Amino acid sequence: MDSIEHAPVHVAGLRMSYGGRTVLDGIDLDVAAGEVVALLGPNGAGKTTTVEIVEGFRHRDAGDVAVLGVDPEHGDDAWRARIGVVLQSWRDHRRWRVRELLGQLADTYRPYASPGRPRPRDVDDLLARVGLSGAADQRMATLSGGQRRRLDVAVGLVGRPDLLILDEPTAGLDPVARREFHELVHEVVDRDGTTVLLTTHDLAEAETVADRILLLAGGRIVAAGSPAAVAREVAGPSEVRWSAGGARHVHSTHDPVAFTRELLAGGAVEDLEVVRATLEDAYLEIVRRHESDAHRDLEVTR
Amino acid sequence: MSTHLPRSAPTPRTWALRTGLRRGLTEFRHMLRSPEDLTWNVVIGIGILVYLVTQRDTIVPGTGGLTLPNLALPGILAATILFGMVMGPAFALSAEAEDGTVLRLRTMPRGTTTYTVGIVVGQVLGALPMLAILLVPWPFLLGDPMHQGPGGWVAVVGWLLLGTLAMLPVGIIGGALAGRPTRVMLFVLAPVVALAFVSGVFGPQTVPAWAAGVVQVFPLYWLAHGLRATSLPAGAEGLELGGAWHPEVAALVLVAWAVVGLVVAPLVLRRSTARQTASALARRVDALLGR
């Protein structure tokens, strides 16, 4: 219990609706210290609303939320200084040069340093780490979309946050930049013990970067756990295929290990194959189910 | 052997003021290096100067021999403050709410304070190039406009500062309420231009009778009045509404606008920055890109 209460992010029974439409319908979410949790879901599932409430930028209708032990609606500046936010930026600060902007934003963290946690990070080191050293003197207006995204990540990290929150961090990044980003996330988790909550609609990203996935659809968490557990939970049983005595067999089971052991003990088995439900199957299934639900709702209201 | 000996640690509030000041200086430096901004200042400023030089021998009737440039100078200065301190912050604030600047600062500790101080410092400094373009060549091209002696220049600076305090909060409130630049055109620029027209900015004789009462509610008339009371010679007050100098009324009206503005502007600004969320920004981007 204690660990939950002191978890960097604790959300229970979170509800939110806009104009009569329920956006969040009872979200429970805990992120432990040093954990990387991905909120995965299709567009419109409620991911951004959830992180905005956690960031303290949005008022909620109901539910308990504690972020670094504080209700985000009442977080002060010292609390804010411990949280890094990676926004999806668009075209702000067009006249600023990259190092100039990161330096100015870094400066706002200076009064919030503590002996164990020097704030802010060194700006040039950070620029090197996100691959922007060469662009340090460029104006923001001249950056490519991918370079802007890297800067967004640097801005989120510059205060050496205890908790890093990222909304669709790799949208618009090419595969190389995406991989570098994933390595960077792991590095800050390992070195600084930073806790990470990120949203993504990209399944492969959730699988690569997260310790735990929460699958969000229609304002609810429909599956939670390790990538493999989520796949099992949602997509159902695995298939075991084999042939014996010239005949093909297929068997569905929730426990392919036990089944296979028995099968092998039973005698001559050839071409044995265990096909696990993949997370991709699970995800597509959820999105499909959610969309047909939404479609049905629409039909009913007509 | 720590290389980062803690200097006397500033309080978070003092620090936010300092980062804001630095932000404003940086914005000003960007402005000085921006071809668009410089061109705007130079074209408008030199245009006004050229016009005044062509009119340097035009005596305005009923003024006891004052030339048009001498009579117009106070109004030109007042209009520079009006457009710089109202339109400047209103456009900056609405554009930066729309493009995500405000939101980005909101994710920083005391970032909204830093941002606001930055806007104020940047916009105030931003009015200086135009004032310099208008005033520095004046004594060489048009003679000494200060009919009450060189001490008048000090009073002129005082009036300009007071006018800035009265008008800058209006610009911040206008920008925060309008929310996006297109609405600033409609709800801030249009009324400001209308006010400048009816206030008789370039000479009191242009105030239409029906407007005389209305313009005396606003700081523009009184800023121009105060500047005229400071620079024009005795006798020129015959052209004022009421036919007399009232610098104390001018100062009171400007102070009243400043006090109300400095109370209201932070409240309005806080309300509008609180609406700046990532999903709101995403909706604006989607709308703009027609998605």
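Small disclaimer: the values here were computed from a predicted structure and weren't measured. Protein chains get the first letters and strands the later ones, always in sequence-line order, with residue 1 at the start of each.
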Visitor: Report which part of E52(A) has an atom under 4.5 Å of a heavy atom belonging to chain B: side chain, backbone, both, or neither.
Guide: side chain
Visitor: Which answer fits T19(B), side chain, backbone, both or neither, if we ask what part of it has an atom under 4.5 Å from a heavy atom of chain A?
Guide: both
Visitor: Sort out for me which residue in V259(B), T164(B), L161(B), L162(B) forms a side chain to side chain contact (heavy atoms under 4.5 Å, CB included) with L254(B).
Guide: L162(B)
Visitor: Indicate whether any N or O donor in one side chain lies under 3.5 Å from an N or O acceptor in the other, for T116(B) and T113(B).
Guide: no
Visitor: T26(B) versus chain A, heavy atoms under 4.5 Å apart: side chain, backbone, both or neither?
Guide: side chain
Visitor: Just by distance, with hydrogens left out, do S34(B) and R95(A) show a side-chain donor and acceptor under 3.5 Å apart?
Guide: yes
Visitor: Can you tell me which of V85(A), V51(A), D92(A), V158(A) forms the most heavy-atom pairs within a distance under 4.5 Å of chain B?
Guide: D92(A)
Visitor: Where on L105(B) is there a heavy atom nearer than 4.5 Å to chain A: the side chain, the backbone, both, or neither?
Guide: side chain
Visitor: Between R110(A) and D107(A), does at least one N-O distance fall below 4.0 Å, as a salt bridge requires?
Guide: yes
Visitor: Can you tell which part of R106(B) gets under 4.5 Å to a heavy atom of chain A, answering side chain, backbone, both or neither?
Guide: both
Visitor: Regarding R91(A) and D99(B), does a basic nitrogen lie under 4.0 Å from an acidic carboxylate oxygen?
Guide: no
Visitor: Please state whether the side chain, the backbone, both or neither of D152(A) comes within less than 4.5 Å of a heavy atom of chain B.
Guide: both
Visitor: Quick check on W96(A) against chain B: is it the side chain, the backbone, both or neither that has a heavy atom closer than 4.5 Å?
Guide: both
Visitor: So which part of Y112(A) gets closer than 4.5 Å to some heavy atom of chain B, the side chain, the backbone, both or neither?
Guide: side chain
Visitor: Does the pair E96(B)/R104(B) count as a salt bridge with the N-to-O cut at 4.0 Å?
Guide: no
Visitor: Is the closest basic N to carboxylate O distance between E73(A) and R60(A) below 4.0 Å?
Guide: yes
Visitor: Taking side chain as everything from C-beta outward and backbone as N, CA, C, O, which of these in T48(A) sits under 4.5 Å from a heavy atom of chain B? Side chain, backbone, both or neither.
Guide: side chain
